[in-house]
Protein chains: 2
Amino acid sequence: MASDVQPTPAKQPVTLREVAAIAGVSVATASKALNGQGRMTAETRSRIRETAQRLGFRPNSLAQSLLRRRSFTVGLLTNDTYGRFSLPLMAGVSDALVDAGVSVFLCNVEDDPRLAQLHVDAMLDKRVDGIIATGKRIDRHLPVDLANLGIPAIYAFTEPDPNAIAFVSDDAGGARLAVEHFCRLGRRRIAHVSGPASFAVVHARAEAYREVLAENGLPVLEPLLGPWSEAWGHEAVRRLFDGEGFDGTREKPDAVFCGNDQIARGVIDALRERGIGVPDEVGVIGFDNWQIVAEATRPPLTSVDMNLAALGREAGLALLSLVGGEPALPGIRKLPCRLVVRQSCGRPPDG
Amino acid sequence: MASDVQPTPAKQPVTLREVAAIAGVSVATASKALNGQGRMTAETRSRIRETAQRLGFRPNSLAQSLLRRRSFTVGLLTNDTYGRFSLPLMAGVSDALVDAGVSVFLCNVEDDPRLAQLHVDAMLDKRVDGIIATGKRIDRHLPVDLANLGIPAIYAFTEPDPNAIAFVSDDAGGARLAVEHFCRLGRRRIAHVSGPASFAVVHARAEAYREVLAENGLPVLEPLLGPWSEAWGHEAVRRLFDGEGFDGTREKPDAVFCGNDQIARGVIDALRERGIGVPDEVGVIGFDNWQIVAEATRPPLTSVDMNLAALGREAGLALLSLVGGEPALPGIRKLPCRLVVRQSCGRPPDG
DNA sequence: TCCCCCTGAGAAAACCTTTTCCCAATCCGC
DNA sequence: GCGGATTGGGAAAAGGTTTTCTCAGGGGGA
């Protein structure tokens, strides 16, 4: 009467026992044949293999894991629901693990300790081999303690427990790349517009900004801090170009290093609205290299990329080696950023 | 010599056998006590429970799954690596499943058939209870066949196999919401700027656009199709406002319905650069409700939200019921969009 | 007093695979 | 032809839990 319904066709997977029975051997022999273990005639081995092949036998990971005490599964904990940070990071993690046959449980815990504990417990019950914690901020802890779980934990782009291993971006290094790029291009009055003072990275980048300027004998303007928004980029331009100018000299900046791409977007738009040419009069560099933003600014935005996918890869590989029993020193590893040059900085004066 | 290293502390989980031994009962009784099965004195039951509690006993999911033939695990397949579509969708799926104690394997398959098959095989080996497939386009297939896997599959925001269950956004309905909103506000000359003709949603939305205009006796301008980019929004404004005008009347549009938020952003920026007021002279509505874009436009963008999290939830619940053995009719379910009103449309003329 | 039924709890099979040990048969050298 | 080594393969335990079956003892009815 009703049309097609769809309860599972229930195609039972074939077990090793069936393979063995059909090949006329014991399960022990079948197992050894398929795993290249044990001794038997080449004929027996190939007969078993062929039978397994024909029947579409695939070993039950659950049974294997139970025996081996290793589930080839890890948990990835994040609180970055909609974030552009965790996605590339996850892709990197997954990429590092897939080759080892390891699958990833994705758990979004928002910022809810109860939810986090729920997910961690579920992962523990499912006997994950390890956990990777990641977040949207380097200087914030996930709302759960991963220290004494009995399985290794790696932190990526989030604040680690003491005595754990963490991978984070080298924000100071990234800022250096940007400011040094400006210096090489002959910019002399370089401003810095960044995010809220409550973010650790804001200070790390600002410090590097100051250092590079000092090394190059250039004047330092106190960094302008505000929200991570386009609107703040606009406002900052107003302050920079309506204010009393650089270093008391009444000169206006010829470069702006921004704390993220959204601020940079606001800065570029505001400059254009004031009739100030980018990159001719003012160069702009962003941070995050959020492609969809960086490529939509006019001109396209030069930006610092934190190499999050690489960071995820490293975290995945580190976890793998920890799971494999190899010891490793705890600590925070900083991975280098890279500068993605587009068109918002111009070429060297002699270029 | 070297400082602290960190090979796993190897805190072995406690097993049911140990609980039983310590409580002085058999494993069978212990199991039944903890699961509320079997018959025993209340005293025995509570003694066992207390022992388990004290020892921190947590049943090994692997062993349970092996026996029950149900892993409380599902696979989520996506090809939307960096996408803003899959994240809310995943959050919805995860949200629907976490309450049932089901964990989610996240597998990003890019568009690589080999990688997709690899992940599907891994999921099958790990005995997932079902698979949810999702992608970045409603009208594209994932590069793998999920039809005869022996486990249920649900499709969300991607093209399903025939005879499968799929959840997609109601793009036509969403477009209606937008255009009808314009009509209610008294806009009379409504243009439509959308994405490439190769996208099915572009046609669905354009068709709804035409219908609503016809229903309201308003002139229809042939939709302008181009890339999903800000630059195309700029270009479209040029064509709309430099061209010969609306319906041959030389009148310019007083509203633009855009195929996504990036195009809308370009449109709004271009209008402002021409000195055309938004929303006073021209109203603009976007699609996707990509918050970070919609809130950064000036003025903030009214946009159609596809309710992707809800869509993910529905998909998760549907999979759960399929896994539970309940039959369901195959077919494509369209879930309604909603209009998120911000400030790019203005108020009703009499408002 | 006898029988039956019920209660409380344990033994064992089952889930599926791996691995260790073991055994029978064959082969070799002498 | 005999002792020992080698070869090919199987039996069984292990991993942790659930579930069915079994069983001993006690209580109640006739």
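Not measured: the values here are computed from a predicted model. Lettering follows sequence order; numbering is per chain, from 1.
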(request) Check whether any side-chain heavy atom of Leu34(A) sits under 4.5 Å from a side-chain heavy atom of Leu16(A), and report yes or no. (result) yes

(request) Could you check how far CD of Glu43(A) sits from C1' of dT7(D), rounded to whole Å? (result) 15 Å

(request) Run the numbers on Thr73(B) and Phe105(A) for side chain to side chain contact (heavy atoms under 4.5 Å, CB included), then give the verdict. (result) CA-CA 9 Å; Thr73(B) 282; Phe105(A) 282 126; 3.9 Å; yes

(message) Counting only heavy atoms not in Lys334(B) (residues, nucleotides, ligands), do more than 12 fall under 6.0 Å from its NZ?
(response) no

(request) Using side-chain contact (heavy atoms from CB on, under 4.5 Å) as the criterion, list what pairs up with Arg47(B), not counting sequence neighbours. (result) Ala23(B), Val25(B), Glu43(B), Thr44(B), Thr51(B)

(message) Which residue in the set Asp111(A), Thr134(A), Asp112(A), Asn108(A) passes side-chain hydrogen bond (donor to acceptor under 3.5 Å, both in side chains) when paired with Asn79(A)?
(response) Asp111(A)

(message) Using a 4.0 Å heavy-atom cut-off to protein, can you give one letter per nucleotide of nucleotides 16-27 of chain D, 5' to 3': B if the base is in contact, S if only the sugar-phosphate is, - if neither?
(response) BBBBB-------

(request) Provide the start and end nucleotides, 5' to 3', of the part of DNA chain C that has atoms under 4.0 Å from heavy atoms of chain B. (result) dT7(C) to dC16(C)

(request) Could I get the full list of side-chain contact (heavy atoms from CB on, under 4.5 Å) partners for Asp95(A), not counting sequence neighbours? (result) Arg313(A)

(message) Students often get this wrong, so: under 4.0 angstrom with heavy atoms, is Thr44(A) touching a base, only sugar-phosphate, or nothing?
(response) sugar-phosphate

(message) Please enumerate all residues that pass side-chain contact (heavy atoms from CB on, under 4.5 Å) together with Ala21(B), with sequence neighbours excluded.
(response) none

(message) Tell me every residue that passes side-chain contact (heavy atoms from CB on, under 4.5 Å) with Leu67(B), counting only those two or more places apart in sequence or in another chain.
(response) none

